[in-house]
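This report concerns only the one structure given below.
Letters A, B, ... mirror the listed sequences (proteins, then strands); counts begin at 1.
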Amino acid sequence: MAVKLVFLGRLADLAGTHECDVADTDGVIDWTDLLAWLEVWSSADLAAAVAGEKVRIAVNGALLADKAALAAGDGDEVAFLPPVSGG
Amino acid sequence: MAVKLVFLGRLADLAGTHECDVADTDGVIDWTDLLAWLEVWSSADLAAAVAGEKVRIAVNGALLADKAALAAGDGDEVAFLPPVSGG
Amino acid sequence: MRDVRLLAVAFDPGAEIDAFSAAHAEAGGVAAFAGKVRPTDGCEALELSHYEPLSLPGMAGLADQALTRFDLLGILLVHRVGVLLPGEPIVLAAAAARHRRSAIEAVDFAMDHLKSDAWFWKREKRADGWHWIEPRSEDHRDLARWN
Amino acid sequence: MRDVRLLAVAFDPGAEIDAFSAAHAEAGGVAAFAGKVRPTDGCEALELSHYEPLSLPGMAGLADQALTRFDLLGILLVHRVGVLLPGEPIVLAAAAARHRRSAIEAVDFAMDHLKSDAWFWKREKRADGWHWIEPRSEDHRDLARWN
C-alpha cells in the first residue's frame, strides 16, 4: 500500500514527474515525514518549494487549512498546488 | 413636387398611415403651416401629438433641436419620432 | 473593425459570434449579448419598426463611440427589424478585445444604448391585438451609468 | 440549469452559445465571453493542466455561486485542458437571464473567478521552450471587485 503524491504546475518540473507513490508506509505520514521523504527522494529544493507559503495542499481533493496538520495514510492522495496562472 | 411626411411608432396609428405627401406646396412649409395642414388632413389629435414635447422631428435624417425652426421645401422628408421603446 | 447591420430576416447569433471571432484572430476574447423575443406574457409576435435615416447611422455612431471608449479590436452590432416570433433573436452586440474586461464593458455599454437610445419602436401582438411598448425607467437608469 | 464541462478536445463557442440559448427559451437574452489562445508574442502552444478533484468541483461551485448571486435561468461554463494551439478557444462562460444586466454581470463574475481563482496552471511554448504563466496582479484586482 502507498500514499500517492501529485505535483501540479511548476512543482511537476521540480519533482521531475507528475506523481509518485510513497511506498512501504507504516501507518500515517505527517508533515515532517513528508518533507524528509521529499528531500531524500528528490531534492531539498522540492521540499522547500512544497513548504512555501503559497503552495496549498489537498488530501483526497480537500484543501488543508494548515499544512502542518497533514496526516495521510494508505490509499490517500496528496496534491501539491502552486499558485494558479493568470488569465 | 411635395414634402414627404413619415410617421413612426404610435404616430403612424394616429395618422392612419406610415407616410404621406404634402402636395402642391408653394415654397417652404414652416411649423405653423405644418400643424395647420395636419389638423385638416388628419385630426387635431395628430397635430397635438406631433407638437408634444417628447416627439422629435428630423428633416432629411437630421434631428431638429427646435421644432419651431422647421423649414421644409419640395423634395424634403420630415419624420415624426415619438419616444423609442424600451428593452 | 466595425460591423453594423440591420436585418429584415432571422439570423443565428452563434454563427455571427464565431465569424466575428475568426475575423479578430489577434483578440484574446470575444464578449457578446444576444437578446431574443421572450415567449412569455402572451406575446404572439413582436414588430420592430425603425427610421433608417437615423437607425443605421445611430448604430454606426454607437459602434464608433464604443471603439473610442474601450480598448477594442472590433465591434459587431446586429439588429432585427420587421415582425419577429417568440424565440427569435432581436439583437446581438459583440466586442473583441485583447483583454476581457474591455470586451465585456463594451457589450454592456452597447446594449444599454441599443435598448433605449436607438431609433426603434416596438409593438407586441397579444390575444387582443397590437400594443406599443413604452420606454422603461429601468433602461434610462442603465443608460445614465455611462454619463 | 447548470452546465459545467472540462474538455480535452477543441470546441465551438458559437455552437455552444446557440444550444445554451435554445435550452433557455424563456430567457430574454444570453451573455457570453469566449477566450482564446492569442497568436501573439511568439506563443506556439498553450498547455493547460489542472487537478480534477478540485477543478471540476470548483467550476461547479462557481456556477452555483453565480446562480445564487444573479437572477439567472441558467449558466454554462466550459474550460479546455491539454495542449492548445493559437486561435483555439480556451474558455466559455455564458449566462441566460430574463434581464440583460443579470446575464452580463454573471459572465463578468464567472470570468474573473475562472481566470484567477480556478485550479488551472498554464504554460506557453515559445521558440526557447516552455514557460509557466504566473498569477497577474490585474486578475486579483478584478477578483476583488466581487468581495
- request: Answer yes or no: is there a donor N or O on one side and an acceptor on the other, between the side chain of D:K115 and the main chain of C:R100, under 3.5 Å?
  value: no
task: Return the option, out of D:M111, D:R101, D:E26, with the maximum number of heavy-atom pairs under 4.5 Å with chain C.
output: D:R101
query: What part of D:A34 is in contact with chain C, defined as an atom under 4.5 angstrom from a non-hydrogen atom: side chain, backbone, both or neither?
result: both
- request: Find the one option among C:I17, C:D12, C:V30 whose heavy-atom pairs under 4.5 Å with chain D are most numerous.
  value: C:V30
- request: Go through D:A32, D:P13, D:A31 and name the one with the most non-hydrogen pairs under 4.5 angstrom from chain C.
  value: D:A32
field: Contacting moiety of C:R98, where chain D heavy atoms sit under 4.5 Å
entry: both
- request: Could you tell me which of D:A93, D:G28, D:G87 has the largest number of non-hydrogen atom pairs under 4.5 Å with chain C?
  value: D:G28
field: All side-chain hydrogen bond (donor to acceptor under 3.5 Å, both in side chains) counterparts of D:R126, not counting sequence neighbours
entry: D:E124
task: Give the member of C:P89, C:A27, C:G35, C:A103 that has the highest number of heavy-atom pairs under 4.5 Å with chain D.
output: C:A27
- prompt: Who are the ring pair (Phe, Tyr, Trp, His ring centres under 6.0 Å) partners of C:F120, not counting sequence neighbours?
  reply: C:H79
